[in-house]
Visitor: 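Here you go, one structure.
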Amino acid sequence: MNLLQETKYIMDKYDVHPNKRLGQNFLFDENALNQIAENVTKEDTIIEIGPGLGTLTAILAEKAKKVIAIELDPKMYNIIKERFIAYNNIEIINEDVLKVDISKVNLKQLISQEKTTSNINNVKVVANLPYYITTSIITNLLKTDIQDITILIQKEVAQRICAMPGDKEAGAITYFVNYYADAHIIGNVSKESFIPNPEVESSIVNIQKLDKPRVQVKDEKLFFEIIKTNFTKRRKTILNSLSTIANKNELEQILTKLGISLNERGENLSLEQYAEIANALSR
């Protein structure tokens with residue numbers, strides 16, 4: 001039985017109808033699944049977000065030391081709980097990942113207690129993310145101590161996340177990710193690889209968190225507010241868009257001193273330039 005047949009069998013067995021509101025699309029492409037799990041080793045604890053029917057969970061459980069699967073849908077939770085009842089290295093949590101403090105989901109305790117008695121060295125996140133919560137989850141994950149994140153997301157969003165600041169594809173999320181990490185697309189997945197077929201193509205993205213943020217800022221909240229403000233007002237110059245959060249005369253002086261044209265648009269600035277503006281304003 002191949003993965004397509006297995007997926008259909010499980011859906012029939014449990015009378016599963018994908019929940020559009022929760023963004024449920026079940027991946028059955030074996031090559032894509034193996035790409036997602038490619039860097040998982042027996043030294044790893046994996047947090048899987050949105051395991052669904054457990055197709056990827058089965059691969060992760062064979063490769064990792066432990067899998068912590070976080071599933072919002074109670075029906076899916078019951079399916080994978082029954083499916084993996086014989087596994088002793090899978091923990092399943094029925095919860096909304098956006099309401100879970102991921103940094104405290106057994107991780108610090110797990111590492112401190114088991115590192116001396118087993119070979120767990122790393123905690124990684126693997127996820128087939130619903131498109132409507134992609135940005136929120138990435139934002140939350142990058143604020144934790146997790147160093148390695150592999151996610152399957154909408155291709156257009158993946159390109160934005162992996163763009164370089166200043167590129168035409170860049171958005172506010174580009175700068176946020178680039179501040180914390182390096183991100184790369186490691187594979188693309190067609191619509192026909194899912195049940196049901198989504199309306200868009202998908203990409204697999206790997207995010208490697210840096211040991212420290214790429215630039216130094218005195219006030220992170222202000223730094224990200226400046227970036228967000230600029231990208232919600234892309235048609236305006238940086239001077240006009242930022243005048244809603246800072247004194248315009250002061251902004252003119254700061255931009256001139258930093259060698260940034262008053263007519264420049266925020267989407268063209270580098271991460272370093274945003275850091276310089278934020279640090280100047282924080283004084």
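As a basis for the values below, the full set of heavy atoms in this structure was taken, side chains included, without hydrogen atoms, waters or symmetry mates. Numbering of residues begins at 1 and proceeds along the displayed sequence.
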Visitor: May I ask you to decide if the ring planes of Y180 and F224 are parallel, tilted or perpendicular, using 30° and 60° as cut-offs?
Guide: parallel

Visitor: Would you confirm whether D44, through its side chain, and A64, through its main-chain N or O, come within 3.5 Å as a donor-acceptor pair?
Guide: no

Visitor: Who pairs with T174 by side chain to side chain donor-acceptor pair (under 3.5 Å), at least two apart in sequence or on another chain?
Guide: none

Visitor: Give a yes or no answer on whether the side chain of N279 reaches the backbone of K218 with a donor-acceptor pair at less than 3.5 Å.
Guide: yes

Visitor: Has the side chain of E48 got a donor or acceptor atom that lies under 3.5 Å from a matching backbone atom of A69?
Guide: no

Visitor: Can you list everything that forms a side-chain contact (heavy atoms from CB on, under 4.5 Å) with A158? Sequence neighbours excluded, please.
Guide: I153, I185, S203, V205

Visitor: Look only at the side chain of D167 and the backbone of E169, and say whether a donor-acceptor pair between them is shorter than 3.5 Å.
Guide: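 No.
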
Visitor: Can you run down the ring pair (Phe, Tyr, Trp, His ring centres under 6.0 Å) pairs that involve residues 133-161, sequence neighbours left out, and say none if there aren't any?
Guide: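 Applying ring pair (Phe, Tyr, Trp, His ring centres under 6.0 Å) to every pair that reaches into residues 133-161, excluding sequence neighbours, yields nothing.
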
Visitor: Roughly how far, to the nearest 0.5 Å, is the CZ atom of F223 from the NZ atom of K228?
Guide: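 Taking NZ in K228 and CZ in F223, the distance rounds to 14.5 Å.
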
Visitor: Would you say the side-chain atoms of K248 and N240 include a donor-acceptor pair closer than 3.5 Å?
Guide: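 Yes, side-chain donor-acceptor contact under 3.5 Å.
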
Visitor: May I ask you to decide if A61's main-chain N or O and N89's side chain share a donor-acceptor pair within less than 3.5 Å?
Guide: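 Pair found, side chain donor or acceptor close to backbone of A61.
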
Visitor: Can you name the side chain to side chain donor-acceptor pair (under 3.5 Å) partners of E264, sequence neighbours left out?
Guide: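 N268.
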
Visitor: Could you list all the side-chain hydrogen bond (donor to acceptor under 3.5 Å, both in side chains) pairs where at least one residue sits in residues 26-39, not counting sequence neighbours?
Guide: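 Passing the test, one end in residues 26-39: D29-S193.
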
Visitor: Return yes if some donor-acceptor pair links the side-chain N/O of K66 with the main-chain N/O of E91 below 3.5 Å, else return no.
Guide: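 Answer holds: no.
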
Visitor: Counting only N and O atoms by type, is there a donor-acceptor contact under 3.5 Å from the side chain of K42 to the main-chain atoms of E62?
Guide: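 It does hold such a pair.
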
Visitor: How long is the gap from CG on D12 to CD on Q5, to the nearest 0.5 Å?
Guide: 12.0 Å

Visitor: What's the verdict on side-chain hydrogen bond (donor to acceptor under 3.5 Å, both in side chains) for N230 and S241, showing C-alpha distance, side-chain angles and the deciding distance?
Guide: CA-CA 6 Å; N230 269 301; S241 65; 2.6 Å; yes

Visitor: Is R83 salt-bridged to E71, cutoff N-O under 4.0 Å?
Guide: no

Visitor: For E199, look at atom CD and say whether over 12 heavy atoms of other residues, nucleotides or ligands are found less than 6.0 Å away.
Guide: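 Open.
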
Visitor: With no hydrogens and no angle check, is any side-chain donor or acceptor of K63 less than 3.5 Å from a backbone partner on A37?
Guide: yes

Visitor: Judged by atom type as modelled, is there a donor-acceptor pair below 3.5 Å linking the side chain of Y274 to the main-chain atoms of G266?
Guide: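 The answer is yes, because a donor-acceptor pair under 3.5 Å joins these two groups.
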
Visitor: CD1/I151 to OG1/T134 distance, rounded to the nearest 0.5 angstrom?
Guide: 6.5 Å

Visitor: Take a 6.0 Å sphere around CD of E6 and say whether it holds more than 12 heavy atoms from other residues, nucleotides or ligands.
Guide: yes

Visitor: Identify the two heavy atoms, one from I238 and one from S261, that lie closest to each other, and give their separation to 0.1 Å.
Guide: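 In terms of heavy atoms, the two residues are closest at CG2-O, 4.3 Å.
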
Visitor: Quickly, which of I10, I195, D73, L53 forms a side chain to side chain contact (heavy atoms under 4.5 Å, CB included) with V16? Name it, please.
Guide: L53

Visitor: Please identify each residue that fulfils salt bridge (charged side-chain N to carboxylate O under 4.0 Å, His left out) with D182, with sequence neighbours left out.
Guide: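 Per chain and number, D182 pairs via salt bridge (charged side-chain N to carboxylate O under 4.0 Å, His left out) with R214.
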
Visitor: Taking the side chain as everything from C-beta on, heavy atoms only, tell me whether I227 gets closer than 4.5 Å to L269.
Guide: no

Visitor: Within this structure, what is the CD1-CG distance for the pair I137 and L142, rounded to the nearest 0.5 Å?
Guide: 12.0 Å

